[in-house]
Amino acid sequence: MQLIARTGDNGSAVIRLNAQDDVLIARRPLEAGQFLPEENLQVRQAIPAGHKVAVRAVAAGQPVRRYGQIIGFASATIEAGEHVHVHNLSMGEFSRDYAFGADARPAAAALEGPTFMGIVRADERVATRNYVGILTSVNCSATVARAIADHFRRDINPAALAGYPNVDGVVALTHGSGCAIDASGEGLGMLRRTLGGYAAHANFAAVLVVGLGCETNQIDSLLASQGLERSDALRTFTIQDSGGTARAVASGIAQVKELLAEANRVERQPVSARHLVVGLQCGGSDGYSGITANPALGNAVDRLVACGGTAILSETPEIYGAEHLLTRRAVSREVGEKLVARIRWWEAYCERMGAELNNNPSAGNKAGGLTTILEKSLGAVAKAGSGNLVEVYEYAELVRAQGLVFMDTPGYDPVSATGQVAGGANLIAFTTGRGSAYGCAPAPSIKLATNTALWQRQEEDMDINCGGIADGSTSIEACGEAVFELMLRIASGERSKSEVHGYGQNEFVPWQIGAVT
């Protein structure tokens, strides 16, 4: 994306993103009849901040461009100065040039230097947090798991962890599945992959898996399918074998107490930034997302990848229409084809379910100025920076490659981030324009505000403000550097806003894709 210098002019009322664009973005609300001297353009009607104004006439049926890319087609004739939104812009089919690998760069040696204070496990995995986790094989054991974790909550029982300052907490991650599902189907396989990824996550010092006892997702089969074995740090039990709810809760509490001393026996030490695996998320996006926070996060991703670190781009429905920008950066045709295959899967999936990918922009997205999924996707892809796409993964699959990778997930943030953490993400970076109250456990989540009005309104939930890019008080590069430095501080133990508020347990939402019978 080429950002024209208008963003550096605090007096300008609009932002031009590319010389080929048919629309400008309102930096602040525009009034009917207002003249924009920098574009020699008169505004025809009131246009909210973050929304689009036509810079030239577009005939009905013709493409409309933003970022120099097609974001839709005029559903009616659009005159210069008109508000461009859902009333005159719609989806349409057009060919994309995937040009596999055309923009891929030669591999470069990782930069030495940036570090964070990480926790190095005995097997040399590096953690950013130090939790004890309670996982459930089935929804039926969720109440027991929550009761165990609640006993160790610092806000209601501070004495329970008083002697363990190096333990970040005890968290129960529960879900709504695990039974009445095909024992050999894709849905159960995906759930087991997700649970296995969490059970083996570096941010857990130890894990208890709690079952009911008669569920389809038997604990023995779960462990075997994921290559996991019971140990002092990976324990399992069921409510039925424990003799009921109260006995199961008591057993779980006793076992956590046994684990805390060892879990507390950790020290942070300087480690290379190459050990960071950052899941990239955006939620409550607006017209500024693709101008400010997303490209700033993309700049931070470029810095991380240059150090040998890893970033996971996801939310497949939210790259739809912009996937060609990623295939051009694929390190091989095989990697590019994997991404296209996931797009085709989603097209077939939506057709089978009687849905449309263009349904993805939410009411809040549209209120914030986004009109089509094409427009949303082009802004979302900016989170990925400018580096090579080195691999494509299935949902919750373990990420082994270093660099920029893609994981196939839905666009729903909790489901998407759950898959990323199962794949090994030890930090989540989440951009938002409308406002978000998301958090994550066991991986901390930082939230980037796309506009200053959001920052001022909801600062208690935002970790950094990228709105200065739009008003010209800062640049993408400066903000990207600040985001990267924040990543290192949060990975070192500084608490994010969502952690302060106690978010994270309710946001564990595995993707339920199988039939429930």
Side-chain angles (χ1 to χ4, degrees), residues 119 121 123 125-139 141-142 144-146 148-149 167-178 187-211 215 217-231 233-237 252 255-256 259 263 277-279 281 312 314 393-400 407 409 413-428 438-445 499 503-513:
I119 298 166
R121 301 295 186 191
D123 58 5
R125 292 174 303 147
V126 175
T128 60
R129 291 294 183 269
N130 189 42
Y131 283 98
V132 172
I134 318 294
L135 302 178
T136 57
S137 62
V138 67
N139 176 255
S141 54
V144 166
R146 287 294 177 92
I148 296 168
V167 176
D168 289 300
V170 178
V171 293
L173 303 180
T174 65
H175 57 90
S177 185
L188 184 58
M190 189 175 290
L191 175 63
R192 286 176 168 171
R193 195 161 66 231
T194 304
L195 293 172
Y198 273 75
H201 200 284
N203 282 9
F204 281 135
V207 169
L208 300 184
V209 182
V210 184
E215 60 270 23
N217 188 27
Q218 289 287 297
I219 293 177
D220 285 347
S221 298
L222 163 64
L223 298 181
S225 71
Q226 301 307 304
L228 299 173
E229 296 182 356
R230 292 176 178 85
S231 66
L234 179 56
R235 304 184 179 193
T236 73
F237 64 96
Q255 291 190 64
V256 171
L259 294 168
V277 182
V278 181
Q281 290 290 321
I312 309 173
S314 297
Y393 290 96
E394 299 280 337
Y395 183 84
E397 189 178 356
L398 179 62
V399 173
R400 301 181 184 276
M407 177 180 286
T409 76
D413 308 311
V415 177
S416 180
T418 294
Q420 291 176 330
V421 175
N426 52 23
L427 181 69
I428 300 292
Y438 176 82
C440 190
S445 173
E499 289 180 291
Y503 285 98
Q505 294 189 97
N506 293 324
E507 290 75 14
F508 175 74
V509 187
W511 188 6
Q512 294 188 29
I513 199 171

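This chain uses plain numbering: 1 for the first residue, then up along the sequence.
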Visitor: Does the side chain of T418 come within less than 4.5 Å of W511's, by heavy atoms?
Guide: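 W511 does not reach T418 side chain to side chain.
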Visitor: Given T128, which of N203, N426, D168 fulfils the side-chain hydrogen bond (donor to acceptor under 3.5 Å, both in side chains) condition?
Guide: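 Output: one option passes, namely N203.
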Visitor: How far apart are the closest heavy atoms of T174 and F508, and which atoms are they?
Guide: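 Closest heavy-atom pair between T174 and F508: O-CD2, 3.3 Å.
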Visitor: Can you tell me how far CG of L208 sits from CG of L259, rounded to the nearest 0.5 angstrom?
Guide: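 Reported to 0.5 Å precision, the distance equals 6.0 Å.
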Visitor: Is it the case that the side chain of S314 and the backbone of M407 share a donor-acceptor pair, with hydrogens and angles ignored and the cut-off at 3.5 Å?
Guide: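 Between the backbone of M407 and the side chain of S314 there is a qualifying donor-acceptor contact (under 3.5 Å).
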Visitor: For E215 and Q218, which heavy atoms make the closest approach, and how far apart are they?
Guide: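 Scanning both residues, the minimum pair turns out to be O-NE2, 2.7 Å.
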Visitor: At their closest point, which heavy atom of A149 faces which heavy atom of Q505, and how far apart are they?
Guide: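 Taking A149 first and Q505 second, the nearest heavy atoms are CB-OE1, 4.0 Å.
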Visitor: If you apply the rule side-chain contact (heavy atoms from CB on, under 4.5 Å), what do you find for Q255 with F237, and how did you get there?
Guide: CA-CA 10 Å; Q255 291 190 64; F237 64 96; 3.4 Å; yes
Visitor: Consider only side-chain N and O atoms of Q512 and S177, and report whether a donor and an acceptor are under 3.5 Å apart.
Guide: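 There is no such pair between these side chains.
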Visitor: Once you round to the nearest 0.5 Å, how far does CZ of R192 lie from CD of Q226?
Guide: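 Between atom CZ of R192 and atom CD of Q226 there are 8.5 Å.
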Visitor: Under the criterion side-chain contact (heavy atoms from CB on, under 4.5 Å), I'd like the reasoning laid out for L427 against V278: C-alpha separation, chi angles, the key distance, then a yes or no.
Guide: CA-CA 5 Å; L427 181 69; V278 181; 4.0 Å; yes
Visitor: P442 and Y198: which non-hydrogen atoms are nearest, and at how many Å?
Guide: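 Taking every non-hydrogen atom into account, CD-CE2, 3.7 Å.
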Visitor: Pair V256, I134 - check side-chain contact (heavy atoms from CB on, under 4.5 Å), show working.
Guide: CA-CA 9 Å; V256 171; I134 318 294; 4.0 Å; yes
Visitor: Quick one: pull up CG in D220 and CG in L228 and give me the separation to the nearest 0.5 Å.
Guide: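 Reported value, rounded in 0.5 Å steps: 12.0 Å.
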Visitor: Are the side chain of S231 and the backbone N or O of L234 linked by a donor-acceptor pair below 3.5 Å?
Guide: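 The answer is yes, because a donor-acceptor pair under 3.5 Å joins these two groups.
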Visitor: Return yes if some donor-acceptor pair links the side-chain N/O of Y395 with the main-chain N/O of R193 below 3.5 Å, else return no.
Guide: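 Judged by distance alone, no pair lies under 3.5 Å.
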Visitor: Within the 3.5 Å criterion, strictly below it, is a donor on T409 or Q420 matched to an acceptor on the partner's side chain?
Guide: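 No.
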Visitor: Give a yes or no answer on whether the side chain of E507 reaches the backbone of C440 with a donor-acceptor pair at less than 3.5 Å.
Guide: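 No; judged by distance alone, with no hydrogens or angles, the pair does not exist.
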Visitor: Return the orientation label for the H201 and F204 ring planes: parallel under 30°, perpendicular over 60°, tilted otherwise.
Guide: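 Perpendicular: the ring planes of H201 and F204 meet at over 60°.
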Visitor: Could you state the interatomic distance from CD1 (I219) to CZ (R230), rounded to the nearest 0.5 Å?
Guide: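 These two atoms lie 7.0 Å from each other.
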Visitor: To the nearest 0.5 Å, what is the distance between CD1 (I119) and CZ (R129)?
Guide: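 These two atoms lie 8.0 Å from each other.
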Visitor: With the side chain counted from C-beta on, respond yes when V170 and V132 share a heavy-atom pair under 4.5 Å apart, and no when they do not.
Guide: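 Yes, side chains in contact.
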Visitor: Only counting residues at least two apart or in another chain, list the ones meeting salt bridge (charged side-chain N to carboxylate O under 4.0 Å, His left out) with R125.
Guide: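 Applying salt bridge (charged side-chain N to carboxylate O under 4.0 Å, His left out) to R125 gives D123.
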Visitor: Which value, rounded to the nearest 0.5 Å, describes the distance between H175 atom NE2 and L195 atom CG?
Guide: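 Atom-to-atom, H175:NE2 and L195:CG are 5.0 Å apart.
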Visitor: So which heavy atom on Q281 is nearest to which on A417, and how close?
Guide: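 Shortest heavy-atom contact: NE2-N, 3.6 Å.
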Visitor: Any side-chain heavy atom of S416 sitting closer than 4.5 Å to one from D413?
Guide: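 S416 vs D413: side chains apart.
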Visitor: Is there a donor-acceptor pair closer than 3.5 Å between any side-chain N or O of R121 and the backbone N or O of A202?
Guide: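 Present.
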Visitor: Is it the case that more than 12 heavy atoms not belonging to R400 sit under 6.0 Å from its CZ atom?
Guide: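 No, because the 6.0 Å sphere around CZ of R400 holds 12 heavy atoms or fewer from other groups.
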Visitor: If I compare all heavy atoms of S137 with all of V209, which pair ends up nearest, and what's the gap?
Guide: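 Minimum heavy-atom separation between S137 and V209: N-CG1, 4.4 Å.
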